[in-house]
Structure formats: C-alpha cells, structure tokens
Amino acid sequence: MSLAVVYSRASLGVEAPLVTVEVHLSNGLPAFNIVGLPETSVKESRDRVRSALLNGNFEFPARRITVNLAPADLPKEGGRFDLAIALGILAASQQIPANSLPDHEFLGELALTGELRPVLGVLPAVLASRAAGRTLVVARDNGAEAALIRDAQVRCAHQLLAVTAWISGQLALPFPEPATPESDGHEVPDLLDVIGQSQAKRALEIAAAGCHHLLLIGPPGTGKSMLASRLSGILPPLSEAEAQESAAIHSIGGHGLYGWGRRPYRCPHHSASAVALVGGGSQPRPGEISLAHNGVLFLDELPEFERKVLDNLREPLESGHITISRAARQVDFPASFQLVAAMNPSPCGHYGDGQTRSTPEQVLRYLGRLSGPFLDRFDLTVEVPLLPKGSLSGMPERGECSAVVRERVVAARQRMLARSGKLNQRLDSREIEEICRLSPQDADFLEGAIQRLGLSIRAWHRILRVARTIADLADEGTIERRHLVEALGYRAMDRLLLRLRGT
C-alpha cells in the first residue's frame, strides 16, 4: 500500500489537538512535499527525515512523496512531527507493518543519525492521548515528564530503529521511569522564620484560607518578602488534577519539572514586560500569571512595575484565564492564581513612623503609579511595621509553624467547598447575598464604614468575602460584628489614602 496514516499531536496553548499525518507515495519525479499549513521548522523535517532513514539503513523511496498534516487550518510548528512522518514513509513503502499504527501516537524530533530528541509540551499530548485511548511514543528524555501522568499508556525510545523494531514486534519499548521532583531538595520556608508581625501572619492565614489577594505595605526590611514566600507553605497541596494542569503549563513553557503537588510560586522582577507577565509572543507562550496557575504570584516593589503592565492583570484576576489573540489564532491559558504584592508606603520607604522624608504630595504621586481599579482587586491590604525595640533580643516572638496554620486553612477550605463548591474569593454577587447575609444592624454598620472610607461596591463585596473567611476559620455559621471589624482592619491602603487626602 502506498498510503499510510500516522497520528501525532500539535501544541496549541495547553491543548494538544490531534494531527493526522497522511503519507502518500506516487509515481513521477522524486519529490518530498509537506502540506497542511507547516511552518519553516516543519518543512525542514524533510532533510532530517531523509538523513535519519538513510543512516538507519532504510530505503528512502525515490518517488513522489506527499505528506499531509491534517487538519489543514491548524498551524504546525517545531520538529515534533518528525517521527510520525518517518514512520509514515516506512509504512507507505512497506518497510514496516502498518496494521498497529492506528493504535499509537508518535511525538519526537529526529536527529540526522536517527536519534530521538525531546520536544516541548509533552504533558498535554499525554493527557490527550490518554483520553483518545492510544499509546504515546516519546523521546527518552521526555519520559520522566510523561510518566507524571500515571494512568496513561506511554512508551519511550532513544532511536528511530528502536521504534521500528517495536512496531515490527522485534523489541519491547520500555515504559518511562517516573521522576521524583518532590525530592529535589527544595524546602518551602516556614512561618517560624518570621519574627513578630502577628497581624500580617493572621492576614496571610485568611488569604490562604479564602484564596484572597493580599497587599503588604511597610518600610524596607520589615519582612514583607519573607511573609509572601511562606504563603505557599500554608496552602493545601495540589490535587492530582491540579498538579497535572500546572505541570502541563510548565511543560509547554519549557520550564521543566518542579515539585509534584507543590503549589507554584512565581516572583517576576519589576522590570518584567507585559508579555513576560501575561504571556504572548509570535508563538504564544504562557506568562508568569499562567505559570503561577493554582499557586502564588508575588510582585515585590509593586509601584516599580509599569502601570500598564499591572493593569493587564485586572481581567485575569477576575476571570481566572488569559486569552492571547494573534492574526492566525487565539490561545487561552489558565491563570487562576493568588496575587500577593509588597510595597513601601512612600518613595523614601517610610511614612507615619517618624523617619519619613517625603511630603504628602510626594507620597500621593508615588501611590498614583497604581491605578485605583487595580488596587481594588486586593481583598486585604495590611501594614507591616518596623518591629518595636527589644523584639530581636531575648526570646523573639515567632508564633505558630506553617504546619499548624495549614491545618486550619485546610479545614476552613473544606467548609467553603462543602457549602458552595468554591472558595470565598470566587463567590459571585448572588452567592454573596445568600452566603454572606448580615443582620440589619451589621449591614448598617458596614455601610457606614464603607461611606467613611469612600469605598466602592466591589470593596463591599470583598469585605463580606473576607469576613466570611474569618468566620469559616472560626467554624462559625454566620458573620458576626467582630468578623466585620477584623475584615475592615485589613484595609490599610484605604486608610492611608484617606489620611493623605485629609492633610
């Protein structure tokens, strides 16, 4: 038979759409054509495949070879189709049996010697092939990553000859050995390392329980970055589905393996561009907000980021995903992350502590680098002050360890999920009315506080969500006045702006 069909997978965001590689040999002048919207790197596979076949002692057909990569309207890029094209040529020229090819998918770039090289985005292809009920063959160097999906049928090979021998029934391809990224020596820092700052630690616990966005405000050296780096340590571990989703994003981004089950923690520099933060490029790649999916994104020195870069975060913070549009296609990346930011209260780093060198006008200009709608996305804004004298000498106050706090966080999250199926930060307005119902006296109290602080309706909803989380941490069914008072205490930015505008 002069026609063969082999299956492979493309890469489109976090998806891996099926690509059918059709190879036809016909009479005529020898030629090798690839159709189906291939990019330059795919067209160059002609030379890689020819050399790999010849160096493997196979016959390269001196006929007219047409390779169709279907569907034709899906852009194809990279060398990921090399192995499938080579096997299609061998099957069409009857050098290997073609009867078992429909049960498998093939992914790998060929070296001129026939060696299989790894490609990006293997995990989405493994998940897609598992759903299709086929066995995926990948390069040996992709094996450890592919083995993270434990219930998928995956085989790995180091050479084209090994794959052809396996298809012919002469050799058994090995299953990939699972990696152990959790033993990479990385330890999540503990809350015990932070001296004092009891209010900030409490805010960190509330943020972890309800998945609330948190802004830490304070002078340099007060422990803002230390606190932020310990948030992932009090979050519950990832579920199997969440771990697979996060690992798939890192796979297509070329960031390799990270601790399986450990929540991502990303900390981009303040010089990061909009593309680096939200993703993009001519071939769209995930940005920091997608790499932080199911984890934490920490933005240190928040006012030093460009304002337009930060404003790009407003929509993903609400929707949980980012859509990157290009002329040829549109790609969606998940971006359900927890935002934690840190900043100084003024250009000199101090305000209201006797060490400030900035005037109120200078402080307002400094804070004006952040747009109001962006600041409105933070559920909690907390002051992290300088430690009082004597805090470091003697027996410093360290509080509870991360493991103890994590137990309360996990218990509170279980209550939220049992009640509404989602965390409090993700409650919509209708759910807030039902779940965060207040007594008439407490509603009047909160409305008066909102008016005095000059807050928006969005802030009203955020305060109710935070108060609901505080009640869940205390295992209480209704929101009481003390929960509202504590939630209002985490509005440090609003009080700072009110004080500055009143001077």
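The two residues Gly349 and Pro220 come nearest to each other via the heavy atoms O-CD, 3.4 Å. Looking at every heavy atom in both residues, Glu205 comes nearest to Leu473 through OE2-CD2, 3.8 Å. In plain terms, the two heavy atoms of Met416 and Leu423 that are nearest each other are SD-CD2, 4.0 Å. Taking all atoms of both residues into account, the shortest heavy-atom contact from Pro345 to Leu367 is O-CD2, 4.1 Å.
Ser290 has its side chain within reach of Ile322: a pair of non-hydrogen atoms, C-beta onward, lies under 4.5 Å apart. Two residues are said to be in side-chain contact when any heavy atoms from C-beta on lie closer than 4.5 Å; Arg465 and His461 meet this criterion. In this structure, the side chains of Leu216 and Leu204 stay at 4.5 Å or more apart for every pair of heavy atoms. At least one side-chain heavy atom of Leu12 sits under 4.5 Å from a side-chain heavy atom of Leu74. When side chains are defined from C-beta on, Lys224 counts as touching Asn344, because their heavy atoms get closer than 4.5 Å. Inter-residue side-chain proximity for Val126 and Leu148 is flagged as unmet; no heavy-atom pair is nearer than 4.5 Å. Side chains of Arg263 and Glu242 form a contact here, defined as non-hydrogen atoms less than 4.5 Å apart. At least one side-chain heavy atom of Phe445 sits less than 4.5 Å from a side-chain heavy atom of Leu488.
Between His270 and Phe305, the two ring planes are perpendicular [angle over 60°; tilted spans 30° to 60°].
Distance CG/Leu370 to CG/Leu302: 5.0 Å, rounded to 0.5 Å. Here the straight-line distance linking atom CG of Leu497 with atom CG of Leu364 works out to 7.0 Å at 0.5 Å rounding. From Phe81, atom CZ reaches atom CG of Leu107 across 8.0 Å, with rounding to the nearest 0.5 Å. Atom CD1 of Ile234 is separated from atom SG of Cys401 by 11.0 Å, given to the nearest 0.5 angstrom. Residue Leu215 holds its CG atom at 5.0 Å from CZ of Phe378, rounded to the nearest 0.5 Å.
No side-chain donor-acceptor contact under 3.5 Å links Gln197 and Thr222. Residues Gln338 and His213 have side chains that never bring a donor and an acceptor to within less than 3.5 angstrom of each other.
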*Take Phe333 and Ile249 through the side-chain contact (heavy atoms from CB on, under 4.5 Å) test and state the conclusion after the steps.*
CA-CA 8 Å; Phe333 290 112; Ile249 298 171; 5.6 Å; no
*Apply the test side-chain contact (heavy atoms from CB on, under 4.5 Å) to residues Leu37 and Val42: give CA-CA distance (whole Å), side-chain angles for both, the deciding distance (0.1 Å), then the verdict.*
CA-CA 9 Å; Leu37 207 58; Val42 180; over 6 Å; no
*Start with the C-alpha distance between Ser439 and Asp442, add both sets of side-chain angles, then the distance that settles side-chain contact (heavy atoms from CB on, under 4.5 Å), and finish with yes or no.*
CA-CA 5 Å; Ser439 66; Asp442 290 342; 3.2 Å; yes
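Glu39 and Lys76 are not joined by a salt bridge, as no carboxylate oxygen comes within less than 4.0 angstrom of a charged side-chain nitrogen. Classification of Asp151 and Arg130 as a salt-bridged pair holds, one side-chain N sitting under 4.0 Å from a carboxylate O. Asp311 and Arg314 are joined by a salt bridge, as a carboxylate oxygen and a charged side-chain nitrogen come within less than 4.0 angstrom of each other. Between Glu486 and Arg202 there is a salt bridge, since at least one side-chain N of the basic residue sits less than 4.0 Å from a carboxylate O of the acidic one. Glu304 and Arg369 are joined by a salt bridge, as a carboxylate oxygen and a charged side-chain nitrogen come within less than 4.0 angstrom of each other. Ionic pairing of Arg419 and Asp472 is present here: one or more N-O contacts between side-chain nitrogen and carboxylate oxygen are shorter than 4.0 angstrom. Residues Glu447 and Arg452 are not paired through a salt bridge, judged by the lack of any N-O separation under 4.0 Å between the basic side chain and the carboxylate. Between Glu480 and Arg468 there is no salt bridge, since no side-chain nitrogen of the basic residue lies less than 4.0 Å from a carboxylate oxygen of the acidic one.
Every residue two or more places apart in sequence or in another chain that forms a side-chain hydrogen bond (donor to acceptor under 3.5 Å, both in side chains) with His269 is listed here: Ser271. Qualifying side chain to side chain contact (heavy atoms under 4.5 Å, CB included) partners for Glu109, counting only residues two or more places apart in sequence or in other chains: Arg48, Asp82, Arg117, Val119.
Judged by the 6.0 Å and 45° rule, Arg266 forms no cation-pi pair with Phe337.
The closest donor-acceptor contact from the side chain of Asp428 to the backbone of Glu431 lies under 3.5 Å.
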